[in-house]
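Worksheet for the structure shown next.
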Amino acid sequence: MRRIAFFIFSLTFLFLLSGCDREAKPSDTGVLRYDGIYCYIRDFDNDGLINNYALRFYEDGTVIHTSVEQQKKEGSYFPKASWFHRESEYYQDLLGEYQLMDGAITLTTHSPNGSVDYEGTVLTDKLRLSSHSNINGYEVKGSEYVFYSFDELSD
């Protein structure tokens, strides 16, 4: 019985030691931020508009989504903290939810027409997301939503 216990102890010890000499690999995995927005900017579409898509996250698992169209490339227009928040009456029916697990994120945003499901990765100051619209079946792969703090966005 002692030999078995010693053998198990030895194997465990060797297993633990085997990872000690490995070099730590740098990780691009980031932390989800709540002090601003994540924005995806599409180039001009067929109607001559630039579409900015923005997500704002809250620590309790709530997310809101908006899109802003602009006609000029200069002067990018972003949602402002003063109106892009979950307490706004406009967003009460649009509140979505998200879940985080080991750098992965899944979320669902809502609109009066239906919902959109996203899945992807939280990276340093950006999200890489793929989405599926439950409204029209439209899918987008690998969109990068860059983080902008409200401090760096002018009102």
Is V31 reachable from V63 through a run of hydrophobic residues whose side-chain heavy atoms are each under 4.5 Å from the next? no
As a quick check of understanding, evaluate side-chain contact (heavy atoms from CB on, under 4.5 Å) for V122 and L100, giving each step before the final call. CA-CA 9 Å; V122 178; L100 292 169; 3.7 Å; yes
Donor-acceptor pair, distance only, cut-off 3.5 Å: does the side chain of S111 make one with the backbone of N113? yes
Answer whether the closest heavy-atom distance between the side chains of T66 and Y53 falls below 4.5 Å. no
I'd like to know if V146 and F150 are part of one continuous hydrophobic network [Ile/Leu/Val/Met/Phe/Trp/Tyr, side-chain heavy atoms within less than 4.5 Å]. yes
Do the non-hydrogen side-chain atoms of L123 and D125 ever get within less than 4.5 Å of each other? no
Nearest-0.5 Å distance that lies between atom NE2 in H65 and atom OG in S115: 12.0 Å
With sequence neighbours left out, write down each residue that passes ring-ring contact (aromatic ring centres under 6.0 Å, His included) with Y145, or none if nothing qualifies. Y40
Side-chain touch T121/L127, heavy atoms, less than 4.5 angstrom: no
Of all pairs that satisfy salt bridge (Lys or Arg N to Asp or Glu O under 4.0 Å), the ones with a partner from residues 56-65, not counting sequence neighbours: D60-R86
Evaluate the side-chain proximity of Q99 to I105: yes if any heavy-atom separation is below 4.5 Å, no if none is. no
Begin with the C-alpha distance, continue with both residues' side-chain angles, and end with the deciding distance and a verdict on ring pair (Phe, Tyr, Trp, His ring centres under 6.0 Å) for Y58 and Y34. CA-CA 6 Å; Y58 293 87; Y34 307 103; 8.1 Å; no
Taking atom OG1 of T108 and atom CG of D117, what is their separation to the nearest 0.5 Å? 4.0 Å
For a quick test of reading the model, state the closest non-hydrogen atom pair linking E152 to F147 and the distance between them. OE2-O, 4.4 Å
Would you say E119 has more than 12 foreign heavy atoms packed within less than 6.0 Å of its CD? no
Side-chain donor-acceptor contacts of residues 136-143 below 3.5 Å, not counting sequence neighbours, with atom names and distances?
residue	atom	partner	partner atom	Å
N136	OD1	S133	OG	3.1
N136	OD1	Y138	N	2.9
E139	OE2	H132	ND1	3.0

Steps toward side-chain contact (heavy atoms from CB on, under 4.5 Å) verdict (Y90, F84): CA-CA 9 Å; Y90 178 80; F84 187 47; over 6 Å; no
Quick one, Y38 with L32, criterion side-chain contact (heavy atoms from CB on, under 4.5 Å). Give me CA distance, side-chain angles, the key distance, then yes/no. CA-CA 10 Å; Y38 287 88; L32 190 66; 3.8 Å; yes
Run the side-chain contact (heavy atoms from CB on, under 4.5 Å) check on T109 and I64 step by step: do they pass? CA-CA 7 Å; T109 59; I64 56 175; over 6 Å; no
Donor-acceptor contact present, side-chain Q92 to main-chain E89, <3.5 Å: no
Search all heavy atoms of L94 against all heavy atoms of P112 and return the closest pair with its distance. CD2-CD, 3.7 Å
Are S149 and D35 close enough, and set up right, to give a side chain to side chain donor-acceptor pair (under 3.5 Å), and what steps lead you there? CA-CA 6 Å; S149 72; D35 59 329; 5.2 Å; no
Here the pair of heavy atoms bringing N52 nearest to C39 is CB-SG, 4.1 Å
Rounding to 0.5 Å, atoms CH2 (W83) and OG (S88) come to a distance of 9.0 Å
